[in-house]
Amino acid sequence: MTRHLPQIIVIIGFAISFVIGSGLLTPATISTAHALTAEEMLADPALESRARNLSKQLRCLVCQNQSIDDSDADLAKDLRREVRTQLVAGQTDAAILSDLRAKYGDYVLLAPPLARDTMALWLAPVGFILLGIAITLGMRRRAVQIDSADNNISADNSISSADRARIDALKRQHENLNKRDTR
Amino acid sequence: MSRFRPSFFIPLIAFLGLAIIGGMALQSTLSGNRNPSQLPSVLIGKAAPDVALPLLQDRQAELALGNFQGQPLLVNFFASWCAPCRAEAPALEQLSEQITIIGIAYKDRRSDTTEFLQQYGNPFTAIGMDIDGRAGIAWGVYGVPETYLIDTAGRIQWRHAGPLTRDVITTQLLPQMAEMQ
């Protein structure tokens with residue numbers, strides 16, 4: 001168990017940074033200032049919460065990496081109003097998103113849709129995780145091979161006792177050298 | 001120790017690969033082929049949105065693009081508060097000799113628009129008032145000025161976000177207009 005401690009720490013570190021990076025924690029822990037003003041809000045709380053949810057998925061096109069929910073830009077305000085007008089008119093969430101997508105393109109969605117030309121973007125993280133696992137497994141297997149090669153020598157009966165004594169002497173010498181190196 | 005290890009070169013090769021990709025992206029940005037703030041328009045080839053807008057000169061009358069069908073049109077979103085719109089005014093004036101230009105005043109007051117046209121010239125055959133920016137959203141406008149070229153069937157053939165510079169007119173707009181004839 002203690003032998004694997006460094007690996008475990010690294011894995012936990014990756015897990016924590018993944019959770020933070022993916023924004024799973026942010027809504028609860030970090031409160032952001034909202035650009036939404038009171039007069040924009042809809043009276044119906046169910047519709048309003050759908051409007052907020054949609055606004056978080058839509059990019060403000062003039063500030064590029066903010067959602068229209070976060071942005072104070074005029075265009076973001078107009079788009080928030082457009083979302084609410086369509087909600088009041090009885091449109092579904094999917095219909096509103098696809099309507100804005102038809103006017104402004106995929107770019108208006110903060111999460112790019114899974115399509116042929118965005119495949120690399122979506123699959124790259126999975127690829128990197130698999131690559132990391134492959135490298136880790138490869139390194140472990142090599143360590144195991146060196147270990148078992150050592151064991152094979154000690155179990156081999158065809159080695160004479162004189163040779164065995166020489167092997168042991170060399171091993172001790174090697175260990176002493178290692179100790180001196182680490183000091 | 002002196003054994004040749006190919007894996008030793010993996011970081012170097014990975015770095016060179018990234019450096020080449022980054023260098024190519026930078027090169028194309030610097031040479032002007034790729035402008036990250038310029039979004040591709042998805043409306044090209046589609047029918048121009050027909051949002052009814054009140055006219056500048058007459059509140060009761062509406063601007064209908066359908067009235068102009070059968071001729072190519074240039075639709076220009078502008079505003080009196082927009083500095084690049086002033087810069088492109090002379091270019092529009094010149095273009096108005098070759099093509100009918102429809103102006104849409106985006107989020108502007110009537111009095112300000114009128115004053116702007118008196119000062120910088122009026123190249124427009126008709127002017128619609130998009131006071132709350134709703135028509136802008138229908139057209140996918142994200143900032144003025146934006147200009148759309150509409151073909152004789154009422155479809156959007158070309159779009160440019162930003163002022164019409166001499167370069168944009170000669171290398172893009174005029175060839176597109178010639179293609180339509």
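Worth saying up front: this structure is predicted, and the values here are computed from it rather than measured. To find a chain, count down the sequence lines: A is the first, B the second, and so on, and within it residues start at 1.
Note that CD of A/Glu82 and CG of B/Asp132 are 9.5 Å apart. Values are rounded to the nearest 0.5 Å.
B/Ile169 and B/Leu73 are assigned to two separate hydrophobic clusters, defined by single-linkage of ILVMFWY side chains at heavy-atom distances under 4.5 Å. Under the 4.5 Å side-chain contact rule for hydrophobic residues, A/Leu42 and A/Ile96 share a cluster.
The two atoms that bring A/Tyr104 and B/Ile137 nearest to each other are OH-CA, 3.4 Å, heavy atoms only.
For A/Arg81, the part sitting under 4.5 Å from any heavy atom of chain B is the side chain, from C-beta outward, and nothing else.
Note on B/Ala138, B/Gly136, B/Gly133, B/Gly143: by heavy-atom pairs under 4.5 Å with chain A, the leading option is B/Ala138. When each of A/Asp74, A/Leu100, A/Val108 is scored by its heavy-atom pairs under 4.5 Å with chain B, the top score falls to A/Asp74.
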In sequence, state the C-alpha distance, the side-chain angles, and the governing distance for A/Asp78 and B/Arg134, and then conclude on side-chain contact (heavy atoms from CB on, under 4.5 Å). CA-CA 8 Å; A/Asp78 291 350; B/Arg134 231 174 266 267; over 6 Å; no
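Open room surrounds CH2 on A/Trp122; 12 or fewer heavy atoms of other groups in view lie less than 6.0 Å from it. In B/Gln94, the CD atom is not crowded: 12 or fewer heavy atoms of neighbouring residues, nucleotides or ligands sit closer than 6.0 Å. Taking a 6.0 Å sphere around CD of B/Glu115, one finds it holds 12 or fewer heavy atoms contributed by other residues, nucleotides or ligands.
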